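First comes the structure, then the notes that go with it.
Hydrogens, waters and symmetry mates are skipped; everything else that's a heavy atom, side chains included, is used. Positions are given from 1 along the sequence. Nothing here was measured: the structure is a model prediction, and the numbers come from that model.
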Amino acid sequence: QVQLVESGGGLVQAGGSLRLSCAASGRPISNYAMGWFRQAPGKEREFVAASSWTGTTAYADSVKGRFTISRDNVKNTVYLQMNSLKPEDTAVYYCAAAAYFGPITREYTTTVKYDYWGQGTQVTVSS
């Protein structure tokens, strides 16, 4: 069992930056693929970024080049550095963990493959 707690959300102007953190407890994240997803009002939850247990990464096209996922296995924390934020990035951002040892394939850009979820943190980007 893994417990995930996100933090770092807030209100930022377009073009600004935020860094989200996802603190894990219960099990080491080194045993998991870790992902970030987001959900805007009235929309389905969508994939943002993921990191395999070896640290290889994958990104949604909409954030590629602007967002960076990283993990600190010592601190048992995953991060999402978000730069050049746009109003369309406004959403609740969720951290997720999947008990999976392998590369981030297309399957692992979908919510159904993740076993554990945090409660989410709100990111609002003003224009």
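Taking both residues in full, the closest heavy atoms of F67 and R38 are given as CE2-NH1, 4.1 Å, listed atom of the first, atom of the second, then distance. Of all non-hydrogen atoms in Y100 and T105, the two that sit nearest each other are OH-CG2, 4.1 Å. Nearest heavy atom pair, residue A97 against residue M34, reads CB-SD, 3.6 Å. What you find for A24 and L4 is that their closest heavy atoms are CB-CD2, 3.7 Å. For the residue pair P103 and S52, the shortest heavy atom distance occurs at CA-CB, 4.4 Å. Across T90 and Q122, no two heavy atoms sit closer than the pair CG2-NE2, 4.0 Å.
The shortest side-chain heavy-atom distance between S70 and Q81 does not fall under the 4.5 Å cut-off. Under the 4.5 Å side-chain criterion, counting only non-hydrogen atoms from C-beta, I29 is in contact with N73.
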TODO: Apply the test side-chain contact (heavy atoms from CB on, under 4.5 Å) to residues D89 and M82: give CA-CA distance (whole Å), side-chain angles for both, the deciding distance (0.1 Å), then the verdict.
DONE: CA-CA 9 Å; D89 294 319; M82 306 186 295; over 6 Å; no

Task: I104 and T57: CA distance, side-chain angles, deciding distance, side-chain contact (heavy atoms from CB on, under 4.5 Å) verdict - done: CA-CA 7 Å; I104 303 301; T57 57; over 6 Å; no

Task: Verdict with reasoning, F101 to T54, per side-chain contact (heavy atoms from CB on, under 4.5 Å) - done: CA-CA 8 Å; F101 293 95; T54 61; over 6 Å; no

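Criterion: ILVMFWY side-chain heavy atoms under 4.5 Å apart, direct or through other members. Under it, Y116 and I69 are part of a common hydrophobic cluster. Clustering ILVMFWY residues whenever any of their side-chain heavy atoms sit less than 4.5 angstrom apart, transitively, puts L80 in the very cluster that holds V2. When the side chains of ILVMFWY residues are joined at heavy-atom separations under 4.5 Å, either directly or via intervening members, V92 and V48 end up in two distinct hydrophobic clusters. Cluster membership for Y59 and L20, using ILVMFWY side-chain heavy atoms within less than 4.5 angstrom, is shared. Taken together through direct or relayed side-chain contacts under 4.5 Å among Ile, Leu, Val, Met, Phe, Trp and Tyr, Y79 and V63 form parts of separate hydrophobic clusters.
Judged purely by atom type and a 3.5 angstrom limit, Q39 has no side-chain atom pairing as donor or acceptor with the backbone of Y93. Judged by distance alone, with hydrogens and angles left aside, the side-chain atoms of Y108 form no donor-acceptor pair with the main-chain N or O of T111 at under 3.5 Å. A distance-only check finds a donor-acceptor pair linking the side chain of N76 to the backbone of R27 [under 3.5 Å]. In this structure a side-chain-to-backbone donor-acceptor pair under 3.5 Å is present from T121 to G9. Looking at D115, its side chain does come within 3.5 Å of a backbone N or O of A99 through a donor-acceptor pair. Put simply, the side chain of E6 gets close to the backbone of G120: a donor and an acceptor are under 3.5 Å apart.
The 12-atom threshold is exceeded at NZ of K64, counting heavy atoms of other residues, nucleotides or ligands nearer than 6.0 Å.
For the atom pair CG of L18 and CG of N83, the computed distance is 9.5 Å after rounding to the nearest 0.5 Å. From T109, atom OG1 reaches atom CD of E46 across 11.0 Å, with rounding to the nearest 0.5 Å.
With a 6.0 Å cutoff to the six-membered ring centre and a 45° limit on the axis angle, R71 does not count as a cation-pi contact of W53.
Here the rule is ring-ring contact (aromatic ring centres under 6.0 Å, His included) with Y114, and of F37, Y32, W36 only F37 fits it.
Using a 3.5 Å distance cut-off with no hydrogens or angles, the side chains of T77 and D72 do not pair a donor with an acceptor.
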